[in-house]
Amino acid sequence: MKAETERTADEVKHLKACINDLISVVALPAVWSGGEPSQIVSTLFDVLLSMLGLEFVYARLKDPFGGAPIDMVRVAQSRNLAAQPQDVGRALNPWLGDDPHASPLVVRNPIGDGDVSIAPCRLGLHAEIGVLVAGSRRADFPTKTERLLLDIAANQAAIGLQDARLLNEQRRVAEELDQRVAQRTRELAAVNEELREEIAERKRAEEKLRRSEAYLAEAERLAHVGSSAFDVATRTIVHFSQEHFRLFGLDPEAGMPSFEVARQRIHPEDRDRILETFNRAVNERKDFEADHRTVLPDGTIKYVHVIAHPAFNASGDLVEYVGTVMDLTERKEADEKLREAQAELAHVSRVTTLGEMAASIAHEVDQPLSGVVINANACLRFLTGATQNLDEVRDGLQAIARDGRRASDVIGRIRALARRTMTEKELLSINDVIREVVGLAEGEARRTRARLRTDLAGDLPRVLGDRVQLQQVVLNLLLNGLDAMQGVVGRPRELVISTQREASDRVRVAVQDSGSGIDPQLALRIFDPFYTTKSSGLGMGLSISRSIIEQHDGRLWAVPNDGPGTTFHFTV
Amino acid sequence: MQPRMAETQAIVFVVDDDASVREALERLVRSAGLRVEAFASAEEFLTRPKADAPSCLVLDVQLPDLNGLDLQRRMVDANADIPIVFITGHGDIPTTVRAMKAGAVEFLTKPLVEGDVLESIRQAIARDRAARDHHAATARLRARYASLTPREEEVMAWVVSGLLNKHIAGELGISEETVKVHRGHVMRKMGADSLAGLVRMSERLGIPHRRKP
């Protein structure tokens, strides 16, 4: 009974110890919480060594990322010896994969002499965490209770290690996430900064562009020059500056005008010509330049000069025409006023010249009129009496008709020259112009006892000119030539007016005298206004003649002859 | 002297560079029943042989090559002058005076009056005819005078100077009778019917009077 009781008391004592150990083991996770795997294993080793009175505890932990496993070992303090975990691992290796319940296993003590009983336990259901091996010098190790404690401890450790691993993983992920977020944030910040820079730059550029455009618009307005661009493929206007809108009388608010709308603004008389010229330029891929008028909605007419040049892309295709349009209206108006003043001056000069020629012109009219009167009297006498002769009467009447025409021709020429006209250009024969003037000046030539000779080329093109003004020029040169020969004694006073064809359908007229010539020192001044060597006259003749010829896109100049005298040339 | 041609009918020369006026004048002259020859320049006219008929020249003062006054002067110099009727567009007095002094018959200004022109032409021809007659008579006289002997010329010179025969005989150292014979020859050869006639002839010939020493 006593034995019974003692046994029962031992049993109770043993059970109590077991329960205490169990509670210690079950309490382990609370200690481990948040710990590192090495701490967990270290705590586990301490608990198992002291609780089970072990020789050693060994663990091999698998690397969750597939690296080399980690060996750890703890030896009982009483042994006071340091063991190399790898050496222990190598010694225990044959049993590490074994069924942990095939105990007791007796092996050579990996850390000392003799044999030890070992109890391997899986960490994790399939030893995915690793393996734990407890070694004891007791032959009965492990007992059932010890096995239970070992299993529970191993299980708890597996859970703890698993948690630690997860925690580690979470930390790692979180860390990486933090890093990535930080990296991304840095990147974003950089991009953001770049964007901000870019936006600021763009704003500055826009501001610059806006100012530049404003300056350009102001400059265009001041210069009366507009600019435009025309897309050739789509035949659309892709750019029209403010001034261009203004010059075409179009509203900028209405957007880019269509080609047709812009075309309608061109003066109807110019429209076809301009379009044809432009199309030709496009076909030939060449520059385009033309003058035309625009008609504004209020009927105002503007004169513009257009220049455009083709723009090509990298592959050499014609893409668009970029051009300018210049307002010439004010210049035209000024030109018109100048032309009016010049025409007025030319008229005054003509009338003055005619006045100076009055005596010789009267003679030119008197001559045929004398002929008429004398012929008429002769005819009357031939009609009756002793000398009656009807043939003579017929001839006489024909002469009268001819002389009458001659007188009226002279008067017609004078009237034409005296008329106050605006410039009227027509296609005319320069030879006819010269003949008419010679017809007027013959009296003057006779008065100054000079011979007037013409040498007119037969193959001259017709030239565009103002008949009256060109007559004025020829008359002026002719009278100057006669005047220059007034003092000539001992050689013939001959004035030769000749014409010849020049290049590009132009005509050159030369008036050659055999006079005293021009003093070389004065040669440059003869075309100046109010310069004269004569006692009569305005001194405007050559000045006016030169401006008339320049208005005909020609040139008037004087050349000394090889012999005596001067030759004046002009081209039209 | 130009070679002579068989021209007896009066002839009118017209020199004018203006065709209208020239032809009209030609026609007018023809209508008066006169012969006419026209020239466009003075030079052209000067190359024409002098006409052996009463003639006159109708001349434009203003000619391009040689003006009317120059032509007139050249004709006078060449002793080939014929009466000139000047025509001018504008009668300026100095020119007129010079022309008239140089022997112009008339100075007509335009517009020409047909009656004046023809009248002037008639006068000019009449004057030329008279001048020609006068010239012809003088020429005949010179021929007679040329037929005298030197002694007869001497006697004639003293006779027309008014000396009596005996004084002439004394001057020449010959007899009065011989003087009478010479004087008779002179009267006959010269065709003089009186002393007065002979005196007129001597004046016409330009024989100077002799004075008693």
Side-chain angles (χ1 to χ4, degrees), chain A residues 358-407 409-410 442-453 482 485 492-495, chain B residues 9-10 12 14-36 38 40-44 58-71 85-92 95 108-122:
Chain A
S360 66
I361 289 171
H363 182 70
E364 283 306 295
V365 182
D366 275 352
Q367 295 285 69
L369 288 183
S370 291
V372 167
V373 173
I374 299 165
N375 267 311
N377 285 316
C379 285
L380 285 172
R381 300 175 69 96
F382 274 125
L383 279 174
T384 52
T387 56
Q388 188 180 32
N389 185 334
L390 291 182
D391 285 343
E392 282 277 13
V393 173
R394 189 180 306 113
D395 292 350
L397 290 176
Q398 273 167 3
I400 287 170
R402 181 199 63 199
D403 294 346
R405 264 198 308 279
R406 192 183 138 195
D409 282 353
V410 173
E442 263 170 348
E444 199 65 17
R446 189 181 299 108
R447 194 181 64 74
T448 58
R449 302 176 63 189
R451 213 165 98 76
L452 208 56
R453 195 160 66 78
L482 291 177
M485 297 191 293
R493 299 177 181 179
E494 192 179 51
L495 193 80
Chain B
Q9 198 193 345
V12 178
V14 174
V15 177
D16 196 315
D17 66 317
D18 188 276
S20 295
V21 176
R22 191 170 66 239
E23 287 176 26
L25 286 172
E26 280 185 81
R27 187 165 287 109
L28 183 67
V29 173
R30 282 199 300 275
S31 75
L34 295 167
R35 274 207 298 158
V36 63
S41 71
E43 297 290 354
E44 228 176 289
V58 179
L59 179 62
D60 187 350
V61 173
Q62 300 241 322
L63 291 171
D65 49 353
L66 188 64
N67 89 18
L69 291 179
D70 295 337
L71 176 59
V85 176
F86 274 106
I87 293 173
T88 179
H90 31 88
D92 66 301
T95 309
L108 302 173
T109 54
K110 287 176 190 168
L112 297 170
V113 177
E114 144 262 3
D116 292 350
V117 177
L118 289 179
E119 184 51 37
S120 301
I121 287 172
R122 278 196 198 95

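A, B, ... follow the sequence lines: proteins, then strands. Residue 1 opens every chain. Remember, predicted model here, so these are calculated numbers, not experimental data.
- In this structure, chain A has heavy atoms under 4.5 Å from both the backbone and the side chain of B:Leu25.
- Between B:Ser31 atom OG and A:Leu383 atom CG the span is 10.5 Å, to the nearest 0.5 Å.
- Distance check: A:Asp403 CG to A:Asp409 CG gives 11.0 Å after rounding to the nearest 0.5 Å.
- The greatest number of non-hydrogen atom pairs below 4.5 Å with chain B, out of A:Glu442, A:Arg451, A:Arg406, is found for A:Arg406.
- A pairwise comparison of heavy atoms in B:Ser20 and A:Gln367 identifies CB-O, 4.3 Å as the closest pair.
- A:Gly371 and B:Ala24 make their closest contact through O-CB, 3.5 Å (heavy atoms, listed as atom of the first residue, atom of the second, distance).
- For B:Arg122, there are no side chain to side chain donor-acceptor pair (under 3.5 Å) partners two or more places apart in sequence or in a different chain.
- Of the two parts of B:Arg30, the backbone and the side chain both hold a non-hydrogen atom closer than 4.5 Å to a non-hydrogen atom of chain A.
- Contact annotation: the side chain of B:Ile121 approaches that of B:Val29 to within less than 4.5 Å [non-hydrogen atoms, C-beta and beyond].
- The stretch residues 389-399 of chain A places A:Glu392, A:Asp395, A:Gly396, A:Ala399 near chain B, each with some heavy atom under 4.5 Å from a heavy atom of that chain.
- For the pair A:Arg493 (side chain) and A:Thr448 (backbone), a donor-acceptor distance under 3.5 Å is present.
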